[in-house]
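This report refers to the structure that appears directly beneath it.
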Amino acid sequence: MRPKIDGILETAVYVDDMDAAHAFYSEILGLKRMVAGDRLYAYDAGPAQALLVFHRGHTGADVATAGGVVPGHDTTGHSHFAFRVSAGQLEPWRRYLAGAGVEVISEVVWPAGGTSLYFNDPDGNVLELATAPLWPNFLL
């Protein structure tokens, strides 16, 4: 019998400019930074969820910690992830992003009825604000 997965605990994005990333994720999106280091910032992305912002090119080597070794990882190119929002918050987000100088690069209305707004962070990573029902398991 396969053990159950409870959900996604963290997702990661890789950036070249940690200061610009912090300004964007903390000031524009309002995420609280929980960890700040030379190679990683971690943000509270909701209950039991973390957004990890890694310094591209600085995370390829294994890192020894008191609790064990964290395997190295890195990526090139643009990443993607989505934040879930309620349908009632979509228009306030449109106005807020426009006022903050963040261009919505695409909007998709999904066959199931949900809507997604897409925009970029300072490194060109593609972020999404998505409303239910986008996926069959995405209910609010």
A side-chain contact here means heavy atoms from C-beta on lying under 4.5 Å apart; do Leu129 and Phe119 qualify? yes
Are side-chain heavy atoms of Arg33 and Ser26 found at a separation under 4.5 Å? no
Please verify the inter-ring angle class for His73 with Phe54; under 30° counts as parallel, over 60° as perpendicular, anything in between as tilted. perpendicular
Any idea which heavy atoms bring Pro122 and Ala20 closest together, and the distance? CG-O, 3.8 Å
Quick one: does Leu127's side chain get under 4.5 Å of Phe81's, heavy atoms only? yes
Rounded distance [0.5 Å steps], CG in Asp17 versus NE2 in His22: 12.0 Å
Between Leu134 and Ser116, is there a side-chain heavy-atom distance shorter than 4.5 Å? yes
Does some side-chain heavy atom of Asn120 sit less than 4.5 Å from a side-chain heavy atom of Val126? yes
In the single-linkage hydrophobic clustering (I, L, V, M, F, W, Y; side-chain heavy atoms under 4.5 Å), do Leu52 and Leu29 co-cluster? no
For Asp38, look at atom CG and say whether over 12 heavy atoms of other residues, nucleotides or ligands are found less than 6.0 Å away. no
Indicate yes or no: at least one non-hydrogen side-chain atom of Arg84 is less than 4.5 angstrom from one of Gln49. yes
Roughly how far, to the nearest 0.5 Å, is CD of Glu91 from OG1 of Thr115? 11.0 Å
Looking only at heavy atoms, what is the nearest atom pair of Gly57 and Asp74, with distance? N-OD2, 2.9 Å
Is the backbone of Tyr14 close enough, under 3.5 Å, to the side chain of Arg56 for a donor and an acceptor to pair up by distance? yes
Crowded around Ile8 CD1? As in, over 12 foreign heavy atoms under 6.0 Å? no
Are Val35 and Leu51 joined in one hydrophobic group, where the rule is that I, L, V, M, F, W and Y side chains link up if heavy atoms are under 4.5 Å apart? no
If you look at every heavy atom in Gly72 and Asp62, which pair is closest and at what distance? N-OD1, 2.8 Å
Check the orientation of Tyr43 and Tyr41. Use parallel for under 30°, tilted for 30 to 60°, and perpendicular for over 60°. perpendicular
hydrophobic_cluster_shared for Val53 and Leu40, side chain cutoff 4.5 Å: no
Taking all atoms of both residues into account, what is the closest heavy-atom pair of Arg94 and Leu117, and its distance? CG-CD1, 3.7 Å
Look at the side chain of Asn125 and the backbone N and O of His80, then say whether any donor-acceptor pair between them is shorter than 3.5 Å. no
Spell out, yes or no, whether Met18 and Tyr25 are grouped together once hydrophobic residues are joined by side-chain heavy atoms under 4.5 Å, including indirect joins. yes
Any heavy-atom pair between the side chains of Val13 and Asp123 that's under 4.5 Å? no
Whether over 12 other heavy atoms sit under 6.0 Å from Glu103 CD: no
Do Leu31 and Met34 sit in the same hydrophobic cluster, where Ile, Leu, Val, Met, Phe, Trp and Tyr count as joined when their side-chain heavy atoms come under 4.5 Å apart? no
